[in-house]
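Structure first, then comments.
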Amino acid sequence: MSNYAPPLDDINFCLRHLSGIDEILSLDAFDGIEVADLEQIIGEAGRFARDVIAPTNVIGDQQGVRLEDGKVLVPDAIADLHAQFVANGWQSVAGNPEFGGMGLPSAVANAVSEMVETGNLAYSLLPMLTHDGAIALEAHGTEEQKARFLSKLITGEWSGTMLLTEPQAGSDLAAVKTRAVPDGDRYRIFGTKIFITWGDHELSENIIHFVLARVEGAPEGVRGISMFLVPKFEVGDDGAIGERNDVRATSVEHKLGIHVSPTCVMSFGDDDGAIGYLLGEENKGLANMFTMMNHARLGVGLQGLAVSERAYQQACAYANDRVQGKAPGVEGRAPIIHHADVRRMLMLMRSQIEAMRAVAYSAAAEIDHSHHASGEETRQAAEARLSLLTPIVKGWCTEKSEEITSLGVQIHGGMGYVEETGAAQHYRDARILTIYEGTSGIQANDFAGRKTLGDEGRELGRLIAELREMAQELGNQQGLGDVAKSISEGLDLLEKGARWIVDKAMSHPAAVGAAAFNYMMLAGTVLGGAYLAKAAGIASSDESVDEEFAAAKRATSAFYCAHVLPRAHGYLAAMTADPGITMAIPAEAFAD
Ligand SMILES: Cc1cc2nc3c(=O)[nH]c(=O)nc-3n(C[C@H](O)[C@H](O)[C@H](O)COP(=O)(O)OP(=O)(O)OC[C@H]3O[C@@H](n4cnc5c(N)ncnc54)[C@H](O)[C@@H]3O)c2cc1C
């Protein structure tokens with residue numbers, strides 16, 4: 001079983017050149033912060049992830065969580081880890097300094113989060129949801145609410161949760177039934193939420209629940225949903241912890257992976273109703289909750305990258321160690337890393353991980369620009385780009401994580417299928433990523449519907465044009481001509497896909513729905529390749545970049561173009577097939 005060595009060379013490279021950290025640091029909000037300070041912070045985060053977080057991964061998987069006497073209990077190792085995480089300030093990296101945060105760019109927090117997530121995916125959900133809750137509170141809370149709750153979330157002394165799902169309301173949040181009854185200037189909340197990540201635990205003094213509920217008499221559907229803040233313990237005007245609120249975990253789920261993340265059924269209002277505070281306006285709750293959800297979607301996409309990196313490192317270690325058969329150029333029996341098919345699998349893992357990192361770090365930069373760029377127009381352009389890329393980061397990176405963690409098992413042979421090596425844990429842990437925070441189907445609908453049809457493909461068109469220009473310049477660089485050509489062809493395929501969505505959306509009732517998944521995968525495959533090629537171009541032309549690193553980037557992008565990018569043809573063919581083919585067998589005929 002291998003430990004984790006953070007790939008700091010690629011993380012720092014992507015932060016510098018894909019997130020464009022120098023440009024971010026030139027924004028007024030980050031005045032006085034130097035790149036060298038950031039590299040030091042990234043290095044420290046890497047050490048913490050390697051030495052403190054990563055060793056808890058297997059313990060967490062094996063020991064899991066339990067509900068005893070109304071308390072959700074996690075292994076001591078996780079409690080110790082969380083105490084250190086908070087004490088060392090890792091929760092507050094991108095937090096607003098007015099409320100106790102470090103005020104560093106989100107692009108930096110993104111790099112730190114990757115390493116935390118690779119260290120222990122199940123644990124990482126606790127800081128992730130706390131951070132995302134703080135962002136929602138900052139965006140939609142009143143000054144009084146922020147004064148009372150925000151700094152404790154930003155520092156991580158308290159934790160945050162997101163409560164949307166109910167038995168009848170999963171992907172379809174219009175069906176939310178949890179009730180909010182006005183009670184003076186607050187509300188009493190009644191209902192049941194299911195599948196709530198880190199819904200309860202004893203690791204922090206208080207837990208702040210961000211809850212979707214319906215005020216009595218509100219319209220049906222999404223237009224009648226409001227967002228509430230419900231603390232586990234009441235908080236006095238002086239900030240002191242008060243009485244236990246009427247919200248409890250009534251069970252924890254037994255599940256395939258992420259065993260140390262408690263997935264709770266939460267019951268509100270078994271007695272007088274849980275006291276809740278309206279966040280933002282009544283009936284505007286879903287839009288406000290999207291502030292939290294969009295950050296969580298980027299976070300879950302990053303989890304796809306993170307768990308893939310862990311599976312890759314483990315597979316590399318095993319492939320170097322395991323001796324089996326003979327290989328050309330190797331005397332005697334060879335470590336399996338010398339077999340071309342094993343190398344094919346390792347390269348599939350590595351090149352796609354690098355492509356995912358390139359996409360995710362490019363997207364993260366847009367968070368900083370959308371908040372802090374000096375002109376309104378620039379901020380809006382960044383917001384549009386971030387919004388376009390969010391379903392790709394979430395949908396494509398998590399789909400890739402299933403392929404990559406599965407390859408990790410395959411490289412281990414039979415030892416991957418048994419639990420002992422740990423390869424199986426990454427595969428099991430990754431399986432949730434395409435489901436929670438909006439399934440791949442929902443991400444694909446978002447990308448095809450709101451993000452493409454919504455503006456008739458204009459924002460995607462702008463991105464394709466920028467990347468085409470990049471590919472053209474890349475064509476002049478030695479050793480990257482073939483990569484540049486493949487990327488240009490890939491961008492043509494993506495453009496065709498987008499045009500099909502815009503032109504054929506009304507051609508059949510199922511046109512967009514039947515095409516959406518393949519369209520999202522087409523976009524992820526092409527954009528991933530393009531951002532990876534961009535990285536190879538920069539690495540090859542920047543003299544400060546180590547030549548070995550640059551040569552490896554050229555090799556991974558060439559492999560990606562040869563082995564992964566051709567899948568774009570298949571995705572385009574499938575998405576543009578007659579939607580009638582998908583719907584040909586009537587629903588009744590699938591009955592058992
Ligand atoms: C471990 C775990 C942790 C979770 N954590 C949280 C949490 O912290 N907070 C929270 O609120 N929820 C959480 N969830 C719930 C999670 O977000 C939902 O499970 C997810 O959104 C899917 O909803 P569902 O399970 O009801 O599936 P369904 O909505 O029933 O979907 C079933 C299938 O139908 C497809 N489908 C449904 N509608 C459409 C459509 N319109 N178009 C195309 N396909 C569609 C889906 O893609 C999926 O394949 C968690 C779930 C799990 C398992």
Side-chain angles (χ1 to χ4, degrees), residues 61 64-65 72 121-133 136 159-178 191-201 207-213 221-222 225 227-228 230 247 249 251-266 268 285-286 289-290 292-293 295-297 299-300 303 307 391 394-395 398-399 402 428-450 509-520 579 582-583 587 590:
D61 183 57
V65 300
V72 176
L121 190 74
Y123 164 72
S124 74
L125 285 152
L126 176 61
M128 183 189 100
L129 289 163
T130 301
H131 174 69
D132 298 344
S159 60
T161 64
M162 178 166 60
L163 298 95
L164 321 176
T165 309
E166 299 174 11
Q168 77 296 340
S171 301
D172 181 10
L173 292 171
V176 159
K177 277 194 195 153
T178 295
T192 300
K193 295 284 180 181
I194 61 167
F195 293 153
I196 302 309
T197 296
W198 285 96
D200 200 11
H201 55 85
I207 301 176
I208 307 302
H209 301 294
F210 294 89
V211 185
L212 287 186
V222 291
I225 295 177
M227 182 176 182
F228 296 89
V230 181
V247 48
S251 70
V252 289
E253 306 292 347
H254 297 278
K255 52 197 195 296
L256 183 63
I258 56 166
H259 287 162
V260 96
S261 164
T263 306
C264 304
V265 174
M266 301 295 295
F268 290 76
L286 191 59
M289 186 60 99
F290 257 102
M292 187 168 186
M293 285 158 72
H295 276 270
R297 286 177 177 187
V300 173
Q303 289 187 328
V307 72
K394 168 41 169 114
T398 61
E399 286 291 332
E402 292 183 7
R428 288 188 285 101
D429 283 353
R431 192 62 193 84
I432 186 59
L433 302 180
T434 59
I435 297 173
Y436 62 24
E437 230 2 271
T439 61
S440 294
I442 296 302
Q443 303 306 319
N445 284 346
D446 180 43
F447 184 63
R450 286 187 53 233
V512 175
F517 179 82
N518 285 302
Y519 174 52
M520 177 183 80
T582 303
M583 305 304 279
F590 288 94

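Atoms within a ligand are numbered from 1 in the order they appear, just like the ligands themselves.
- With a 4.5 Å cut-off on side-chain heavy atoms, F290 and R297 count as touching.
- Which parts of ligand 1 touch E437 is read off a 4.0 Å heavy-atom cut-off, strictly below it: atoms 17 (O).
- Looking at atom 8 (O) of ligand 1, its nearest protein heavy atom turns out to be T197 N, 3.0 Å.
- Closest heavy-atom approach to atom 21 (O) of ligand 1 among the candidates L433, I442, I435: I435.
- For the pair D429/H259, no side-chain contact is recorded, criterion being any heavy-atom separation below 4.5 Å from C-beta on.
- Between D172 and ligand 1, no pair of N/O atoms sits closer than 3.5 Å.
- Shown here, atom 28 (P) of ligand 1 is in close reach of the protein: a heavy atom of it lies under 4.0 Å off.
- Within the 3.5 Å criterion, the main-chain N or O of E437 finds a donor-acceptor partner in the side chain of Q443.
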Verdict with supporting geometry, K394 and D446, salt bridge (charged side-chain N to carboxylate O under 4.0 Å, His left out): CA-CA 11 Å; K394 168 41 169 114; D446 180 43; over 6 Å; no

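- The nearest heavy-atom contact from the protein to atom 26 (O) of ligand 1 is G170 CA, 3.1 Å.
- Proximity of K255 to I432: side-chain heavy atoms (C-beta onward) are nowhere separated by under 4.5 Å.
- The nearest protein heavy atom to atom 53 (C) of ligand 1 is closer than 4.0 Å.
- Looking only at heavy atoms of the protein, atom 43 (C) of ligand 1 is closest to N445 ND2, 3.6 Å.
- The shortest side-chain heavy-atom distance between M292 and M289 falls under the 4.5 Å cut-off.
- Looking at atom 48 (C) of ligand 1, its nearest protein heavy atom turns out to be T439 CG2, 4.1 Å.
- The nearest protein atom to atom 7 (C) of ligand 1, hydrogens excluded, is given as F195 O, 3.2 Å; this is a heavy-atom distance.
- Put simply, the side chain of M162 does not reach to within 4.5 Å of the side chain of D132, judged on heavy atoms.
- Distance check on atom 11 (O) of ligand 1: some protein heavy atom falls below the 4.0 Å cut-off.
- Protein heavy atoms are absent from the space less than 4.0 angstrom from atom 34 (O) of ligand 1.
- Of all protein heavy atoms, the one closest to atom 18 (C) of ligand 1 is T165 OG1, 4.3 Å.
- Of the protein's non-hydrogen atoms, the one nearest atom 9 (N) of ligand 1 is M162 O, 2.8 Å.
- For the side chain to side chain contact (heavy atoms under 4.5 Å, CB included) criterion with I225, the lone passing option out of L164, L212, T178 is L212.
- Taking a 6.0 Å sphere around NZ of K177, one finds it holds 12 or fewer heavy atoms contributed by other residues, nucleotides or ligands.
- Under the 3.5 Å distance criterion, the side-chain polar atoms of T130 are matched with a main-chain donor or acceptor of G160.
- Only the side chain of T263 comes within contact range of ligand 1, with a heavy atom under 4.0 Å; no backbone atom does.
- In this structure, L163 CG and T192 OG1 are separated by 11.0 Å, a value rounded to the nearest 0.5 Å.
- Residue L164 touches ligand 1 through backbone and side chain together, judged by heavy-atom distances below 4.0 Å.
- Proximity of T434 to T398: side-chain heavy atoms (C-beta onward) are separated by under 4.5 Å at one or more points.
- In terms of protein heavy atoms, atom 37 (C) of ligand 1 is closest to S171 OG, 3.6 Å.
- At least one protein heavy atom sits closer than 4.0 Å to atom 14 (N) of ligand 1.
- Residue contacts with ligand 1, taken as heavy atom pairs separated by less than 4.0 Å, do not involve K193 at all.
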